[in-house]
Amino acid sequence: MTQFLSILLLSLSTDVLEAKKETGVASYYSNCLAGKATACGEPYNTKKLTAAHKTLPFGTLVEVTMLSTGKKVLVKINDRGPYSKKRVIDLSYRAAKEIGLIRAGIARVKIQVVK
């Protein structure tokens, strides 16, 4: 019975993560925040592929796709935010650069949790 419950719980949590998709506006962190602590305690590093999300657990891997270009980047959630209600994710400088977000500053994206 315990083994059955463990398998059921694992299956349910996997389904929840796979179903987690959002579309909205992304922005990116200012370089002046480099070295400051993120919500999980790690210092913000402009060269890492990280991001802030309002609810996803720290350590969650998320694929971010810029809708206008189709460019994608894989980031790890290590902070909380964005605090603007109009945005769904804040990317590190490197992640934003990889999808071409730097010049525009904000862009519509699709985010999807990756196993």
Residues Lys76, Glu42: salt bridge by 4.0 Å N-O rule
yes
Working to the nearest 0.5 Å, report the span between NZ of Lys97 and CG of Leu91.
14.5 Å
Closest contact, heavy atoms only, Val113 versus Thr60:
CG1-CG2, 3.8 Å
Quick one: closest heavy-atom pair of Thr23 and Arg108, and the distance?
CG2-NH2, 3.2 Å
Going by heavy atoms in the side chains, are Thr38 and Phe58 under 4.5 Å from each other?
no
Can you label the angle between the Tyr28 ring and the Tyr93 ring as parallel, tilted or perpendicular, going by 30° and 60°?
perpendicular
Single hit among Lys110, His53, Gln112 for side chain to side chain donor-acceptor pair (under 3.5 Å) with Glu22
His53
Of all heavy-atom pairs linking Ala52 and Pro82, the shortest is O-CD, 4.0 Å
Pairing residues for Ser27 by the side-chain hydrogen bond (donor to acceptor under 3.5 Å, both in side chains) criterion, not counting sequence neighbours:
Asp90
Quick one: list whatever passes side chain to side chain contact (heavy atoms under 4.5 Å, CB included) with Val73, sequence neighbours left out.
Leu49, Val64, Val75, Ala95, Glu98, Ile99
Do other residues, nucleotides or ligands put more than 12 heavy atoms under 6.0 Å from Lys48 NZ?
no
Do Lys86 and Val25 come within less than 4.5 Å of each other through their side chains, counting heavy atoms only?
no
Distance from Asp79 atom CG to Leu56 atom CG, nearest 0.5 Å?
12.5 Å
So, do Val109 and Val88 sit near enough that their side-chain heavy atoms are less than 4.5 Å apart?
yes
Salt bridge (Lys or Arg N to Asp or Glu O under 4.0 Å) involving Arg80 - partner list, sequence neighbours excluded:
none
Got a donor-acceptor contact below 3.5 angstrom from the Thr50 side chain to the Asn78 backbone?
no
